[in-house]
A.B. asks: 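Quick one: structure below, then a few questions.
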Protein chains: 2
Amino acid sequence: MRVIARIATHGGPRSVPPMRLVIARCQVDYLGRLTAHLPMALRLLLVKADGSVSVHADGGAYKPLNWMSPPCTLAEQPGRWTVTNRAGEQLIIEIAEVVHDWRHELGADPGLVKDGVEAHLQALLAEHTAKLGPGFTLIRREYPTAIGPVDLLCRDADSVTVAVEIKRRATIDAVEQLTRYLELLNRDCLLAPVGGILAAQSIAPQARTLAEDRGIRCVVVDYDELRGMPSNDLRLF
Amino acid sequence: MRVIARIATHGGPRSVPPMRLVIARCQVDYLGRLTAHLPMALRLLLVKADGSVSVHADGGAYKPLNWMSPPCTLAEQPGRWTVTNRAGEQLIIEIAEVVHDWRHELGADPGLVKDGVEAHLQALLAEHTAKLGPGFTLIRREYPTAIGPVDLLCRDADSVTVAVEIKRRATIDAVEQLTRYLELLNRDCLLAPVGGILAAQSIAPQARTLAEDRGIRCVVVDYDELRGMPSNDLRLF
DNA sequence: ATCTATATTTCGAGG
DNA sequence: CCTCGAAGTATAGAT
């Protein structure tokens, strides 16, 4: 299985304070891109080795109520934490009562390995252009244009150029994106006429309607099936 | 100051397990919209009262390495947690060693009060339409159309109707959004011709290019300046 | 339930 | 550093 992304949170030796978990009664104010206020209540304060501070309630899934992302500095006074970043944004935590305060050294994390993101879908489709239509061949991946790269540029059985936009889930935005590419590519006399294909694991109904209205063909791709196919890259000799 | 949003994480009496914090050596696999794998390492496992489970390293800001959002169920076996949601996605946590395992009752959170989000910018611009151009007057906010509400509908000095799309930061998507509105509004013989303005605290270069190419005027708005101006709504008597 | 639009989006890659 | 596009985006509101 192909490794698409590896996220190393940090590596190598370091000498920063380890993860800190505080249960405290606190009120919090964020003064930055917006202002946000949290009335006094019991919450979890999570200070990570990267310097980030997050304020969690016992709900709201993984998202904290309030936070400051690194790089930032934590100034700790009695009853008051002030977290500041380079942009001058502040997270001010007034602490009325500390119930617990632990620190734990976790060490560097080996990182996350993902499989099945859009880039992987693109790689697989580039190897199996026949899934887009019989006789399709690849001109190139990430075909550069003035307004950004086209995911795949292909040639169909009649040697007509076809731009392919790939999404895991296609919405109306993907149709607009492909439309912009097509408009630009069709101004190029050496390429025009250029057809369009929207290829995705799932396509929103309204996206399909808009696409077909604009003469863009929609192709639903089965990721697991693609992954199971032998690669064109295999050299037999 | 206007209260724009209040987020209550949960309220009223409840009888669910309280927040649980586990420091453990674990490996994690997510099998869902994609697959993701975390090799064995020491991490923080956070189980909230809402049922969510998140796996944190000592970095990566507030985002967990892996997680499952509620609603989901946690099946706990010796050395193995299996978290499953309704869609059948799974988060499988193999636990080699538990360093700590605490539970803490936090109680309901009074919730977050925000000020300064896009809705506030819209309210301020509605009160100060002159910032969009001399002689501009407001027809209405959230002008309804078949494909959604237009942020502001105005009349310029020449009594021409102008649709205004407001963003904190405008990208190409905002231009497309406004373009769809304009296309629709210009089919209405009672309104046409309708002009367009993209108003934002910042405008991405490509968004500006595309907007101006389509005859949409771009206006950069200073939120703090607007906030400091006296309101038209003030009644003096 | 589906779709639209917002978000302190966050995050990573590329120029 | 900015710019841009993807994300298990998540989340709330409207239809």
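Chain naming here is simple, since letters A, B, ... match the order of the sequence lines and numbering starts at 1 in each.
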A.B. asks: By a strict heavy-atom criterion of less than 4.0 Å, which residues belonging to residues 174-181 of chain B are in contact with DNA chain C?
C.D. replies: B:Gln177, B:Arg180, B:Tyr181
A.B. asks: Under 3.5 Å for both pairing distances: what stems, at least three Watson-Crick or G-U pairs long, include DNA chain D?
C.D. replies: C:1-7 with D:9-15, C:9-15 with D:1-7
A.B. asks: With sequence neighbours excluded, tell me which residues meet side chain to side chain contact (heavy atoms under 4.5 Å, CB included) with A:Lys63.
C.D. replies: A:Trp67, B:Tyr62
A.B. asks: What is the nucleic acid contact for A:Arg169, judged by heavy atoms within less than 4.0 Å: base, sugar-phosphate only, or nothing?
C.D. replies: sugar-phosphate
A.B. asks: Measure from CD on B:Gln201 to P on C:dA7 and round the result to the nearest Å.
C.D. replies: 10 Å
A.B. asks: Measure from the side-chain heavy atoms of B:Lys167 and tell me the nearest of C:dT6, D:dA6, C:dT8.
C.D. replies: C:dT6
A.B. asks: Enumerate the residues from residues 204-217 of chain B whose closest heavy atom to DNA chain D is under 4.0 Å, giving them by residue number; use none for an empty result.
C.D. replies: B:Ala204, B:Pro205, B:Gln206
A.B. asks: Sticking with atom P, work out how far C:dT6 lies from D:dG8, rounded to a whole angstrom.
C.D. replies: 22 Å
A.B. asks: What integer number of Å spans the P atoms of D:dT11 and C:dC11?
C.D. replies: 15 Å
A.B. asks: Given atom CH2 of A:Trp67 and atom P of C:dC11, what is their separation to the nearest angstrom?
C.D. replies: 10 Å
A.B. asks: May I have the distance from A:Leu65 (atom CG) to D:dA10 (atom C1'), rounded to whole angstrom?
C.D. replies: 15 Å
A.B. asks: Counting only side-chain heavy atoms from C-beta out, which of D:dT11, C:dT8, D:dA6 sits nearest to A:Tyr30?
C.D. replies: C:dT8
A.B. asks: Report the distance from atom OH of A:Tyr30 to atom CG of B:Asp115, rounding to the nearest 0.5 Å.
C.D. replies: 12.5 Å
A.B. asks: Determine yes or no for a side-chain-to-main-chain donor-acceptor pair under 3.5 angstrom, with A:Arg80 supplying the side chain and A:Ile93 the backbone.
C.D. replies: no
A.B. asks: Need one value for B:Asp173: base, sugar-phosphate or nothing, where a base atom within 4.0 Å counts as base even if backbone is also close, heavy atoms only.
C.D. replies: nothing
A.B. asks: Show me the pairs that pass ring pair (Phe, Tyr, Trp, His ring centres under 6.0 Å) and involve residues 198-226 of chain A, at least two apart or across chains.
C.D. replies: A:His120-A:Tyr223
A.B. asks: Can you confirm whether B:Leu178 sits close enough to B:Asp151 that some side-chain heavy atom of one is under 4.5 Å from a side-chain heavy atom of the other?
C.D. replies: no
A.B. asks: Determine the sole option in A:Leu65, A:Ile23, A:Val55 for which the side-chain contact (heavy atoms from CB on, under 4.5 Å) test with A:Leu44 is passed.
C.D. replies: A:Ile23
A.B. asks: Can you give me every donor-acceptor pair (side chain of residues 195-209 of chain B, partner residue at least two apart or in another chain, under 3.5 Å) with its distance?
C.D. replies:
residue, atom, partner, partner atom, Å
B:Ser202, OG, B:Arg169, NH1, 3.0
B:Thr209, OG1, B:Pro205, O, 3.0

A.B. asks: What's B:Gln122 touching, base or sugar-phosphate or nothing? Going by heavy atoms closer than 4.0 Å.
C.D. replies: nothing
A.B. asks: Check every atom of C:dT6, D:dG8, C:dT10 against the side chain of A:Arg33 and return the nucleotide holding the closest atom.
C.D. replies: C:dT10
A.B. asks: Check whether any side-chain heavy atom of B:Ser52 lies under 4.5 Å from a side-chain heavy atom of B:Pro70, and answer yes or no.
C.D. replies: yes
A.B. asks: Tell me which of A:Thr171 and B:Arg86 sits closer to the 5' end of DNA chain C, going by the nucleotide each one is nearest to.
C.D. replies: B:Arg86
A.B. asks: Classify A:Ile147 by what it touches in the nucleic acid, base, sugar-phosphate, or nothing, heavy-atom distance under 4.0 Å.
C.D. replies: sugar-phosphate
A.B. asks: When rounded to the nearest 0.5 angstrom, what distance separates CG in A:Leu153 from CD in A:Glu142?
C.D. replies: 11.5 Å
A.B. asks: Hey, what do you get for CG (B:Asp58) to NE2 (B:His56), rounding to the nearest 0.5 Å?
C.D. replies: 11.0 Å
